[in-house]
Protein chains: 2
Amino acid sequence: MQRAAADRLFKALADPTRRGLFERLTRDGEQTVHALTVRAGVSQPMVSKHLTILKRAKLVHHRREGRETHYSAQPQALAPLADWMTQYGTFWRDRFDQLENLLERMDK
Amino acid sequence: MQRAAADRLFKALADPTRRGLFERLTRDGEQTVHALTVRAGVSQPMVSKHLTILKRAKLVHHRREGRETHYSAQPQALAPLADWMTQYGTFWRDRFDQLENLLERMDK
DNA sequence: ACAATCCATAACCAAATGATTATGGTTTTG
DNA sequence: CAAAACCATAATCATTTGGTTATGGATTGT
């Protein structure tokens, strides 16, 4: 079951267009499908489809408002991926300082 | 360029069989194709193909020895994935303690 | 009311993907 | 040396995937 969640996550993130959408929603916050389509490099229907896949992986959340649909990123949905990665502990040690640094910056 | 590396990585990890092979190599250490095939649930040629994909993502390394090929995991190849994830900082805070814990256990 | 906008779904298509069986090249074993 | 074992590649196939255009439903603007 955690298996299936991880699978949907990895598959959702396997496509660069989808990662692009997720990254943009994370960086720039909530966006309409239209706004996302303008810079996505693919057609509006394709953006909708990709968003649906991200939605099933719980990476995004949507909110209808009139004729527009606003999508927002749910970065906490990356947790299973983080869990999966902690199995491969050794390489983390090297990254530890960077991470600590990041967390410090986040606290400011 | 880091882009392409991340892409090969995500795509390589998108398949559960491939993740299974990688996990096994990480947990149990170096293995021959034959040994991997026995428990992989797919045919030997498929194991070879998956290993090739993992190899192109630098997630595994191979070493020929007579008629057998020994594969081993290269977990440090997950680094680009870790880098990518640090962009989504917020959720890391929650995982920080677990990570610290893990690193402590690793030092023993 | 009518036209335009926003979005999702449908219909369709080419290419990629995951799998199989068949084959052949090396190397080891009997 | 012959047979068996190990592995990679080739040929083939069904399914999935990422993309398009077409359409239609709902909402907003004139």
Side-chain angles (χ1 to χ4, degrees), chain A residues 3-25 28-74, chain B residues 3-25 28-74:
Chain A
R3 194 91 190 158
D7 206 50
R8 254 169 302 160
L9 237 146
F10 275 113
K11 288 226 173 82
L13 294 173
D15 182 76
T17 302
R18 237 137 42 206
R19 280 201 306 280
L21 289 170
F22 179 67
E23 289 174 22
R24 241 193 105 201
L25 288 173
D28 305 343
E30 194 181 64
Q31 311 252 339
T32 67
V33 175
H34 180 66
L36 289 169
T37 299
V38 174
R39 309 189 81 227
V42 292
S43 64
Q44 173 268 309
M46 207 55 215
V47 171
S48 283
K49 278 198 200 172
H50 281 311
L51 287 170
T52 299
I53 292 173
L54 290 172
K55 197 167 55 190
R56 274 190 288 144
K58 306 214 190 281
L59 284 164
V60 299
H61 182 257
H62 74 291
R63 169 176 77 80
R64 296 265 326 258
E65 186 180 350
R67 63 181 163 180
E68 20 186 56
T69 310
H70 298 259
Y71 280 85
S72 52
Q74 304 282 108
Chain B
R3 194 89 191 161
D7 205 51
R8 255 169 303 159
L9 228 124
F10 276 113
K11 288 224 172 84
L13 295 173
D15 182 77
T17 302
R18 246 151 17 219
R19 280 200 305 282
L21 288 170
F22 179 68
E23 288 174 23
R24 242 194 103 200
L25 287 174
D28 306 342
E30 193 182 64
Q31 311 252 340
T32 67
V33 174
H34 180 65
L36 290 169
T37 299
V38 174
R39 310 188 81 226
V42 292
S43 63
Q44 174 267 310
M46 208 54 214
V47 171
S48 282
K49 280 199 198 171
H50 282 309
L51 287 170
T52 300
I53 292 174
L54 291 172
K55 197 167 54 188
R56 274 190 287 142
K58 307 212 189 284
L59 283 164
V60 299
H61 182 258
H62 74 291
R63 169 175 76 81
R64 296 268 322 260
E65 186 178 351
R67 63 179 164 181
E68 23 186 51
T69 311
H70 298 260
Y71 281 86
S72 51
Q74 303 281 110

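Every chain is numbered from 1 and lettered A, B, ... according to where its sequence line falls, protein lines coming before strand lines. Quantities reported herein were computed from a predicted structural model and do not represent experimental measurements.
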Between CD of B:E65 and P of C:dT26 the distance, given in whole Å, is 19 Å
Measure from CZ on B:R19 to C1' on C:dG18 and round the result to the nearest Å.
-> 14 Å
Under 4.0 Å, heavy atoms only, any strand: does [X] hit a base, just the sugar-phosphate, or nothing?
X: A:T37; answer: nothing
X: A:T52; answer: nothing
X: B:T69; answer: sugar-phosphate

Among [options], the one nearest [X] by side-chain distance:
X: B:R18; options: C:dA19, C:dG18, D:dT21; value: C:dG18
X: A:R67; options: D:dT28, D:dG19, D:dA8; value: D:dT28
X: B:H34; options: D:dA11, C:dC7, D:dC7; value: D:dC7
X: B:D15; options: C:dT9, C:dA19, D:dC7; value: C:dA19
X: A:K49; options: D:dT20, C:dG18, C:dT21; value: D:dT20
X: A:V33; options: C:dC7, C:dT20, D:dC7; value: C:dC7
X: B:P45; options: C:dA19, D:dA10, D:dT21; value: D:dA10
X: A:H50; options: C:dA8, D:dG18, D:dA11; value: D:dG18
X: B:S43; options: D:dC7, C:dA8, C:dT21; value: C:dT21
X: B:K11; options: C:dC7, C:dT17, C:dA19; value: C:dT17

State whether the side chain of B:R19 and the backbone N or O of B:L13 hold a donor-acceptor pair below 3.5 Å, judged by distance alone.
-> yes
Which residue lies more 5' along DNA chain C, comparing B:R64 with A:K55 via nearest heavy atoms | A:K55
D:dA5 base / B:E68 side chain donor-acceptor hit below 3.5 Å | no
